[in-house]
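Lettering follows sequence order; numbering is per chain, from 1. These values consider heavy atoms only, across backbone and side chains, with no hydrogens, waters or symmetry-generated copies. As the structure is a prediction and not an experimental result, all values here were calculated from the model.
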Protein chains: 2
Amino acid sequence: MMMSGLRERKKEQTRRRIAEVALRLFDERGYDAVTVNEVAEAAGVAKVTLFAYFPSKDSLVLDGVKEDTAAIVAGRGERTPLQALREHYRRMGRDEIDVGGLLTRIRVISASPALLAGVQQAHMGQREELACALAEALPERGLAPRLMAAQITAAITTLQEAFFHRLSTGVSPEEAGRLLGEEVELAFDLLEYGFATLKGDKS
Amino acid sequence: MMMSGLRERKKEQTRRRIAEVALRLFDERGYDAVTVNEVAEAAGVAKVTLFAYFPSKDSLVLDGVKEDTAAIVAGRGERTPLQALREHYRRMGRDEIDVGGLLTRIRVISASPALLAGVQQAHMGQREELACALAEALPERGLAPRLMAAQITAAITTLQEAFFHRLSTGVSPEEAGRLLGEEVELAFDLLEYGFATLKGDKS
DNA sequence: GTTCATAAATGTACCCGGTATGGTTTAGGC
DNA sequence: GCCTAAACCATACCGGGTACATTTATGAAC
């Protein structure tokens, strides 16, 4: 078998071409206003071929955007799950993420309610994995891991939404990253110490 | 004009008949296996009429399931938002909710991934309202209200999921209510005091 | 009771995302 | 060079949802 080069290269090429064409069309005319037929035609493939590469219309944009929070928790080493996650997202704000190549994608996503719902759903899908990872990492039982996973996921989703929104409304990547950094600390403080620290302000 | 009785009563009646027929069919054969055409036919109306009453297939089941967390916060009186919410859901566990009439609905929802995703989306839709209500109720600015709203919504969603899951797997409503009561306290403690209280167990 | 405006209900045809089928090209191992 | 299997394609189909033009029923005014 070996399945070597040319064939796979062509596949990869076709796949990339489809995704690129799709992103361009969505950016030009809006996600909802472009049909998958148009994408397929513009990419020079049949609709059925497109769906052989991508399982759904939104996956044309959302594929590869998935975050693996469960993996971060699993690979936390000596740290607590929350520490590991906090440091991961802290790094996202500080280090330059390769945001250049993602800007169009982010713009397209932010402009489409359907795609925004899609990323939320993707996050929700990870909630369960994260709950399992937390259940293994912590002594808590019952609903606690699920509650924690849900809250963490919600916080991350909110952070990402704010970040995306800024990027898609013209804020510079550097500034957006800086603000993200601040908000990561806020979000994880809220998770770790609760709303009481805010409302009481007893510090 | 006046729009008086008979007409509106018939409308209401038709609407209820459609919803009841739909719920029965979904329960018998599964949400995905029943088409809206079948529902419409079984209810004695045309498909387009069905969609005049319900904007989408899932609204046949989900209509009226919406929770109004924002309203709870708005009508909190002297209490903090979190206190108001905690007490509201505490009551849900203690007092008998009219769970009898909802059991079929809950069973249908719990059996369908599409509908479960739908209630999640509904919760997400309320997140924004809740964020606004919190922003008015608290001095916090910036991302804090959104983060809080997201975390609260996530916790409530998780509580509801666990509750639904028990009810749809045969746990008695009383027992499910009792467990819900315990978990409400856990969830709101987590929101209020953070994960640190769990992990450190410094109490 | 008849008439008239209006709102409800309908039939039909359509759009779009997604799938099933069955056939044709093409790459790669031998 | 041949053969298998993968990639591709055209077409037809399904189900949710909408547009449109038409009919049917209702309430009110006369």
- Query: For the side chain of Thr49(B), counting heavy atoms from C-beta on, which of dA9(C), dC8(D), dC16(C) is nearest?
  - Reply: dA9(C)
- Rounded to the nearest Å, what distance is computed from the CG atom of residue Leu60(A) to the P atom of nucleotide dG17(C)? 10 Å
- Message: Quick check: any donor-acceptor pair below 3.5 Å linking the side-chain of Lys57(B) to the base of dG15(D)?
- Response: no
- Message: Once you apply a heavy-atom cut-off of 4.0 Å, does Val48(B) come out as touching a base, just sugar-phosphate, or nothing?
- Response: base
- Note on the structure: The salt bridge (charged side-chain N to carboxylate O under 4.0 Å, His left out) partner of Glu185(A) among Arg178(A), Arg94(A), Arg86(A) is Arg86(A)
- Atom CG of Asn37(A) to atom C1' of dA12(D): distance rounded to whole Å? 13 Å
- Query: Atom CZ of Phe51(A) and atom C1' of dA7(D): how far apart are they, to the nearest Å?
  - Reply: 17 Å
- Task: Using atom CD of Glu41(B) as one end and atom C1' of dG15(D) as the other, report the distance to the nearest whole Å.
- Result: 15 Å
- Query: Does Lys10(A) put a side-chain nitrogen or oxygen below 4.0 Å from OP1 or OP2 of dA7(D)?
  - Reply: no
- Item | Integer-rounded Å distance: dA8(C) C1' and Arg9(B) CZ | 17 Å
- For Val34(B), report the nucleic acid contact type (base, sugar-phosphate, nothing); a contact means any heavy atom under 4.0 Å. sugar-phosphate
- Hey, is the main chain of Gly194(A) close enough, under 3.5 Å, to the side chain of Thr197(A) for a donor-acceptor pair? yes
- Nearest-Å distance for atom pair NZ/P, residues Lys11(B) and dT6(C): 17 Å
- For the residue pair Leu159(B) and Leu143(A), establish whether any side-chain heavy-atom pair is separated by less than 4.5 Å. yes
- Query: Would Thr35(A) and Asn37(A) count as having a side-chain donor-acceptor pair, cut-off 3.5 Å?
  - Reply: no
- Task: Answer with base, sugar-phosphate or nothing: what part of the nucleic acid does Tyr53(B) contact at a heavy-atom distance below 4.0 Å?
- Result: sugar-phosphate
- Task: Please state how far atom NZ in Lys47(A) lies from atom P in dC8(D), giving the value in whole angstrom units.
- Result: 17 Å
- Nucleotide dT19(C), atom P - distance to CG of Asp32(B) in whole Å: 13 Å
- Answer yes when Arg76(A) and Glu87(A) have at least one side-chain N-carboxylate O distance shorter than 4.0 Å, and no when they do not. no
- Nucleotide nearest Val45(B) (side chain, heavy atoms from C-beta), chosen from dT10(C), dG17(C), dC8(D): dT10(C)
